[in-house]
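What you see is a predicted model, and the numbers here were worked out from it, not measured in a lab.
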Amino acid sequence: GAEGSTLMSYFSKNQIQALKPKITFSTLRDLQCPVVQSNELQGKPDQSCSTEELFEWLGAVLSQVSLDNKSSSFLSTYCCPQPNTMVEKAFLCTITGFIIPEKIIQLLEQLCCYFGEPKLAHWLTLTVHGFADSPVSWRESEHGFHKGGENLYNFVIFRNLDYWLQMAVGTHDDCPP
């Protein structure tokens, strides 16, 4: 109706345009990956890593941190938690932009279909990281945008379709329900 044409003229006058999410693919070669078991959230010494260790490792991989634990001109080092295994090839797909919840659910469902055929992977992950200034809030609290703005969640999906859901919010935010 008339409201629609007014809205469209506003966007065109102010040179506002719709942008599609940016999608990038990369292959990570010879990647040390933590050994995790779906039923061992706390991990077991010499058998599997904990959820926290995996979450930290994922952050390092997504941030392209070197995992070789060699010091150089920086102050800290990081290495893959023990036990770990060397993976010859891992695939990383990054989608940057505004993605509606329905599309995230669709992505999650497609990832679950990955295990429909026999695969070598024992698990896969989907991480959703919100914009720092997104209007996310939990319960009655205001989102702590001016104090960090962290808001993300991560699904780790296992071959048997068990999953872990990990969530992180800023120190000044309430925890999700």
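- The shortest side-chain heavy-atom distance between L62 and L92 falls under the 4.5 Å cut-off.
- Placement of V35 and L41 in two distinct hydrophobic clusters is found when ILVMFWY residues are connected by side-chain heavy-atom separations under 4.5 Å, directly or transitively.
- Between I99 and V128, every side-chain heavy-atom pair lies at or beyond the 4.5 Å cut-off.
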Pairs under 3.5 angstrom only: tabulate donor-acceptor contacts from the side chains of residues 81-89 to other protein residues two or more places apart or in another chain.
from: N84; atom 1: ND2; to: P81; atom 2: O; distance (Å): 3.2

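- The cluster map of Ile, Leu, Val, Met, Phe, Trp and Tyr, joined by side-chain heavy atoms under 4.5 Å apart, puts I105 and L124 in different clusters.
- Listed here is the closest heavy atom pair of Q42 and S50: O-CB, 3.3 Å.
- Looking at F158 and W164, their side chains come closer than 4.5 Å, going by heavy atoms from C-beta outward.
- The ring pair (Phe, Tyr, Trp, His ring centres under 6.0 Å) check on F55 picks up nothing, with sequence neighbours excluded.
- In terms of hydrophobic clustering, with Ile, Leu, Val, Met, Phe, Trp and Tyr side chains grouped at heavy-atom distances under 4.5 Å, L111 and F25 are assigned to a common cluster.
- Across all their heavy atoms, C112 and L161 have their closest contact at O-CD2, 3.8 Å.
- One hydrophobic cluster, built from ILVMFWY side chains closer than 4.5 Å, holds both F115 and L126.
- Below 30°, between 30° and 60°, or above 60°: for W123 and W57 the angle between ring planes is above 60°, a perpendicular geometry.
- Interatomic distance, S38 OG to H122 NE2, rounded to the nearest 0.5 Å: 12.0 Å.
- A 4.5 Å side-chain heavy-atom check between C49 and L54 finds every atom pair outside the cut-off.
- With contacts defined as side-chain heavy-atom distances shorter than 4.5 Å, the pair Y163/L108 does not qualify.
- You'll find the side chain of C33 stays beyond 4.5 Å of the side chain of C80, heavy atoms only.
- One finds the OG1 atom of T94 at 9.0 Å from the NZ atom of K22 (value rounded to the nearest 0.5 Å).
- The backbone N or O of F155 sits less than 3.5 Å from a side-chain atom of T125, completing a donor-acceptor pair.
- Within the structure, salt bridge (charged side-chain N to carboxylate O under 4.0 Å, His left out) pairs that include any residue of residues 36-46 comprise E40-K44 (at least two apart or interchain).
- Placement of I23 and L107 within a single hydrophobic cluster is found when ILVMFWY residues are connected by side-chain heavy-atom separations under 4.5 Å, directly or transitively.
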